Amino acid sequence: MRLRVLLASVLVAATLPVVLGAGPASAHDVLVSSDPAADASVSGDLDRVTLTLSEPPLSGLQSGIVISVTDAGGSEHARGDVSTDGNTIGTAVDLTDAGAYQVRWRSVSVDGHPISGEYAFTSTGATAPAPSASAPSSSATAGTPAVGPSPSATATEVAEAQAPAAHQHGAATTIWLLAGLVVVALLAVLVTRLVQRRRGPALTAEDDR
C-alpha cells in the first residue's frame, strides 16, 4: 500500500511541471488594444489603423497577417501592406469619407495557430480646409467699388465731347465775321451814294456857270 502511494506521488510530481508549463505555452495571443478603438469616432485625417497583440506574431508567417478596413458598402479602405513592429501590426487607411467602418484582422499566434477578430468605428470625414487669406470673399468682392476710368481715357472722352462744341463755336464766329463784312460793305455803298448825290448838284451848278 505504501509502495502504491509512493509511486503515485512520484508520478504526480513528475507530470505537474509539464502540465503547468504547457498551459501558458499553448495559450493563443489576444488583441490588447487598437487605434482607433472599437466603437470610437475619429477624424478622417487619421491615416493608419494599428493593432497591439499580447505577443508578437509568429516570425516567418507575415503573409498570414491581414488587416481589412471596409465601409458600409463593402469598399476596401486599407492601403498597402501590413507592417509589423514587435507585437504591433498596422496598415495605412483612407478615412476621408464619413461613415461607419469595419476592421477585420487576422494574425498567427506564437503557438502557430491563426487568430482573428473584428470591430467597428466611425469616421467624421476629412476636415474642410480653411479658406485662403488671399482669396477675397464674395461679400468683399461685392462691396469693392468699381474702378473708375483711367486718366487717359477720361481725357480722350472730354476731348471728344468738347470737339463738337469747339466746331460749333468756330462756325458761329465765321458767320458773325461774314455778317460784319456784309454790313461794312453795305455801309460803304450807302456812304458812296450819299457822297455822289451831294456832289451831283454841285457839279451841275458849276456846269451852268
Side-chain angles (χ1 to χ4, degrees), residues 11-150:
L11 181 61
V12 170
T15 57
L16 184 61
V18 176
V19 173
L20 294 177
S26 61
H28 297 335
D29 299 341
V30 294
L31 179 65
V32 176
S33 63
S34 63
D35 183 22
D39 301 323
S41 180
V42 298
S43 167
D45 298 331
L46 183 68
D47 58 0
R48 192 168 184 82
V49 168
T50 57
L51 308 175
T52 302
L53 305 174
S54 57
E55 296 290 339
L58 186 62
S59 178
L61 293 179
Q62 281 77 11
S63 60
I65 304 175
V66 177
I67 298 178
S68 173
V69 182
T70 56
D71 58 22
S75 298
E76 182 63 54
H77 288 259
R79 302 288 184 264
D81 298 331
V82 178
S83 62
T84 303
D85 183 13
N87 60 332
T88 300
I89 59 176
T91 185
V93 292
D94 178 9
L95 305 178
T96 54
D97 294 336
Y101 289 85
Q102 190 78 14
V103 178
R104 296 179 176 86
W105 61 273
R106 184 176 71 247
S107 183
V108 181
S109 179
V110 292
D111 60 2
H113 290 86
I115 56 175
S116 61
E118 62 180 74
Y119 69 91
F121 68 91
T122 303
S123 170
T124 58
T127 304
S132 174
S134 61
S137 62
S138 57
S139 59
T141 303
T144 302
V147 178
S150 62

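Just so you know, residue 1 is the first one in the sequence shown, and it goes up from there. Here the structure is a predicted model, which means the values were calculated and not measured.
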Can you name the nearest heavy-atom pair linking P36 to V42, along with the distance?
CB-CG1, 3.5 Å

Give the minimum heavy-atom separation between S123 and G44, together with the two atoms involved.
OG-CA, 3.5 Å

Looking at residues at least two apart in the chain, or sitting in another chain, which of them share a side chain to side chain contact (heavy atoms under 4.5 Å, CB included) with [X]?
| X | value |
| --- | --- |
| V108 | L58, L61 |
| S33 | T52 |
| S107 | L53, P57, I65, W105, I115 |

Interatomic spacing from [atom1] in [X] to [atom2] in [Y] - rounded to 0.5 Å:
| X | Y | atom1 | atom2 | result |
| --- | --- | --- | --- | --- |
| R106 | I89 | CZ | CD1 | 10.5 Å |
| T124 | L95 | OG1 | CG | 9.5 Å |
| L46 | Y101 | CG | OH | 10.5 Å |

Can you list everything that forms a salt bridge (Lys or Arg N to Asp or Glu O under 4.0 Å) with E118? Sequence neighbours excluded, please.
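R104.
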
List, one per line, each side-chain donor-acceptor pair under 3.5 Å for residues 73-80, sequence neighbours excluded.
residue: E76; atom: OE1; partner: S68; partner atom: OG; Å: 2.7
residue: E76; atom: OE2; partner: V69; partner atom: N; Å: 2.8
residue: E76; atom: OE2; partner: A78; partner atom: N; Å: 3.1
residue: H77; atom: ND1; partner: D94; partner atom: O; Å: 2.9
residue: H77; atom: NE2; partner: D71; partner atom: OD2; Å: 2.8
residue: R79; atom: NH1; partner: E76; partner atom: O; Å: 3.2
residue: R79; atom: NH1; partner: H77; partner atom: O; Å: 3.4

List the steps, then state whether side-chain contact (heavy atoms from CB on, under 4.5 Å) holds for S43 with T127.
CA-CA 7 Å; S43 167; T127 304; 3.8 Å; yes

What verdict does the side-chain contact (heavy atoms from CB on, under 4.5 Å) test give for V49 and S34, after you've listed the backbone C-alpha separation in whole Å, the side-chain angles of each residue and the deciding distance to 0.1 Å?
CA-CA 8 Å; V49 168; S34 63; over 6 Å; no

Residues which pass side-chain hydrogen bond (donor to acceptor under 3.5 Å, both in side chains) with S83, listed by chain and number, not counting sequence neighbours:
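With sequence neighbours excluded, S83 shows a side-chain hydrogen bond (donor to acceptor under 3.5 Å, both in side chains) to R48, given in chain and number order.
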
Under the side-chain contact (heavy atoms from CB on, under 4.5 Å) criterion, do V66 and V82 qualify, and how do the steps go?
CA-CA 7 Å; V66 177; V82 178; 5.6 Å; no

Please indicate whether D45 has more than 12 foreign heavy atoms, meaning atoms of other residues, nucleotides or ligands, lying under 6.0 Å from its CG.
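Yes, because the 6.0 Å sphere around CG of D45 holds more than 12 heavy atoms from other groups.
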
